[in-house]
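Residue numbers run from 1 in the order of the sequence given.
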Amino acid sequence: MVAGEYLCSHKRRGLGFVYWIVFSLWFGFVVLLRPVVGLRPLREQRRSWGDEWLFVRKEESDLGPFSAWNITGTYRGSWKFLDSANSSSRFPDFRKSNGDSVIELVSTQTKITGVHYVQGVIIFHDVFDNEHNVGGAQIRVEGVYIWPFRQLRMVANSRKEGVLAQEDDYILSNPYHLLGVFSSQVFQDSPKEKIWRSKTSPINEMEKHCNIEIAAQVTRVSTNQNDGEHDRYHLEGLMESPAVDDDGECFSPLLLNATSVNIEVYYNKAVNYTLMVTFVSFLQVLLLIRQMEHSNTQSGAAKVSILMIGQQAIMDAYLCLLHLTAGILVESLFNAFATAAFFKFVVFSIFEMRYLLAIWKASRPASSGEGWETMRRELSVLYSRFYGILLGGILLMYEFHNFLRPLLLLMYSFWIPQIVTNVIRDSRKPLHPYYILGMTVTRLAIPLYIFGCPNNFMRIEPDKTWCTYLVIFVTLQASVLLLQHYLGSRWFIPRQILPERYSYYRKFDQEENHATDCVICMTGINMMQRPSDCMVTPCDHFFHSGCLQRWMDIKMECPTCRRPLPPA
């Protein structure tokens, strides 16, 4: 009996030992061998069995010294050849020895514990010689990130064009990348031929004959309070290119240095910019209302140059289109840019167009009395000219994009038509000083931010020289207008070349009988007072100086006989 129980227990121990061996082999096959084919990222399920512990939210100390860093993001830095004397023997066009770079990475978990799959794009600025009209090169890469050792290994991914991968989704939703490309297309010298990956680009030939390999080390960057809650990382490594046919190297090793960009801070910069544009647009609306009240009469509106208001309206229309395009391009910032575009639309379509109509009607008083058909015909001509110039300006800037900064200087000459109009018509105070100063400052806000701020969100290199020229140019125009306001519209023109001007304070024969009543205020005029207190029209009618000046601000007609009056 006892012997039988001993044999049964011995058999059970043997079967248990066999079960443990089978279970161990199965576990080793599933856990150790199966993840080798699972290097590609998990797209459907959120976590894998092998990485179950990795994605459970734990404290940094609980995971030990090897915690998984999420290196997905945008990295901005520089590149340079370690051996600048022999940058590229196979590709002599690769003449630049250093430049800026932008790296877009998307890191995804795999079934292998400690290994993440990485896809991305490396954009090199100023790579090739300017003769080839290629401003940069774009290389798609893929590889692995071994996070316990903080090592990144990538190779060039020369997949077919038009096939979207996971990094494409990230790049298409990344405002840092999209607004940078948008600004380079709009504000910088990057024509349609200077695209990142052109079919004629030397980088295509390089990928055919070279194996591009990248080995980098990832380190954490100490953050401050302005960096938000996300960690920042730094990449430093080498990019090598052995030839496909083992015939040496295609070019010397490249040293890559890049630091991650905090997208939250970038979002805040973009939103703050749109708030600035909205505030500037609101100030321009107030200034336009003040100016329209200043020239609310027919005579006052006729003194304002229609070209000056039209040029400012076209500028606001361009800004409206640019902000709306940027909002459509970056979906996550659509609300902010759409708000700025809406306020610019209000400025040019409601207030400035209304002011244009008021000036047009004041300069053509006879047309308003000829009937609705004549007015409608002339209004259609006015609108067709405005929108024709608007579309023509877009085509002009597209064709001459290499001269965009001189074109912007030309657009910011909007005070010159008013200066010329003041000289020709000898106008008295057509613009309010607040309007001149306010519009000068608010118009300079956007270009100075884009081309002068070193930390602008559009990633445009500051051009202090051009900003200085712009400020001096616009300030000089405003100064001339202010001096015309206080010293006279022709103060800077020599008197020798000026035409003879009628003097309202001319001498008259006091012995003749003249009407001594001012028909404006219906009070008597004392002929024995100072000559400056009495004004005489060319039709020999007498008025008080203050009365006639206020009358001429409304109408340039004699109050007595309705004859046209020359400018005072």
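Residues L321 and I394 meet the side-chain proximity criterion, which asks for heavy atoms closer than 4.5 Å. Side-chain contact check for M154 versus V118: some heavy-atom pair is nearer than 4.5 Å. For the pair N268/F457, no side-chain contact is recorded, criterion being any heavy-atom separation below 4.5 Å from C-beta on. Side-chain contact between L470 and F451 is absent, with no heavy atoms from C-beta onward closer than 4.5 Å. Looking at heavy atoms from C-beta onward, I71 lies out of side-chain contact with H116 at the 4.5 angstrom threshold. Within the 4.5 Å cutoff, the side chain of N272 has heavy atoms near those of the L275 side chain. Considering only heavy atoms from C-beta on, L235 comes within 4.5 Å of V218 through its side chain. Between I214 and L152, the closest side-chain pair of non-hydrogen atoms is not below 4.5 Å.
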One pair to check against side-chain contact (heavy atoms from CB on, under 4.5 Å): Y469 and T465. What are the steps and the verdict? CA-CA 6 Å; Y469 289 155; T465 303; 3.6 Å; yes
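By the side-chain hydrogen bond (donor to acceptor under 3.5 Å, both in side chains) test, N70 pairs with T72, sequence neighbours left out. Listed by chain and number, the residues in a ring pair (Phe, Tyr, Trp, His ring centres under 6.0 Å) with Y318 amount to none (sequence neighbours excluded). Residues forming a side-chain hydrogen bond (donor to acceptor under 3.5 Å, both in side chains) with T259 (at least two apart in sequence, or on another chain): H234. Annotation: side-chain hydrogen bond (donor to acceptor under 3.5 Å, both in side chains) contacts of N456 (sequence neighbours excluded): none. In this structure Q311 satisfies the side-chain contact (heavy atoms from CB on, under 4.5 Å) test together with S413, F414, P417, sequence neighbours excluded. Checked against side-chain contact (heavy atoms from CB on, under 4.5 Å), A338 has the following partners two or more places apart in sequence or in another chain: F334. For Q151, the side-chain hydrogen bond (donor to acceptor under 3.5 Å, both in side chains) partners at least two apart in sequence or on another chain are R153. In this view, F348 and F345 satisfy the ring pair (Phe, Tyr, Trp, His ring centres under 6.0 Å) rule, not counting sequence neighbours. With sequence neighbours excluded, the residues forming a side-chain contact (heavy atoms from CB on, under 4.5 Å) with S281 are V277, F343, K344, V347, listed by chain and number. With sequence neighbours left out, the side-chain contact (heavy atoms from CB on, under 4.5 Å) criterion links V280 to M276, Q284, T442, A445.
Scanning all heavy atoms of the two residues, the minimum distance from L254 to W79 falls at CD2-CE3, 3.2 Å. When all heavy atoms of Y449 and K269 are compared, the pair lying nearest together is OH-O, 4.3 Å. Closest non-hydrogen pair, A336 versus V271, comes out as CB-CG2, 4.4 Å. For the residue pair S107 and Y145, the shortest heavy atom distance occurs at OG-CD2, 4.3 Å. Nearest heavy atom pair, residue A313 against residue F386, reads CB-CE1, 3.7 Å. Counting all heavy atoms, side chain and backbone alike, G143 lies closest to Y117 at O-CD1, 3.4 Å.
Other residues, nucleotides and ligands place no more than 12 heavy atoms under 6.0 Å from the CZ atom of F400.
Taking CG of L396 as the start and CD of E399 as the end, the distance is 8.5 Å to the nearest 0.5 Å. Considering CG of L409 and CH2 of W466, their distance stands at 5.5 Å, rounded to 0.5 Å. In this structure, CG in L391 is found 7.0 Å from CG in L395, a value given to the nearest 0.5 Å. Atom CG of L324 sits about 12.5 Å away from atom CG of L319, to the nearest 0.5 Å.
Sequence neighbours left out, the pairs with a member in residues 438-455 that pass salt bridge (Lys or Arg N to Asp or Glu O under 4.0 Å) are D316-R443, E352-R443.
Of the possible donor and acceptor atoms, none in the side chain of R150 sits under 3.5 Å from a partner among the backbone N and O of T219.
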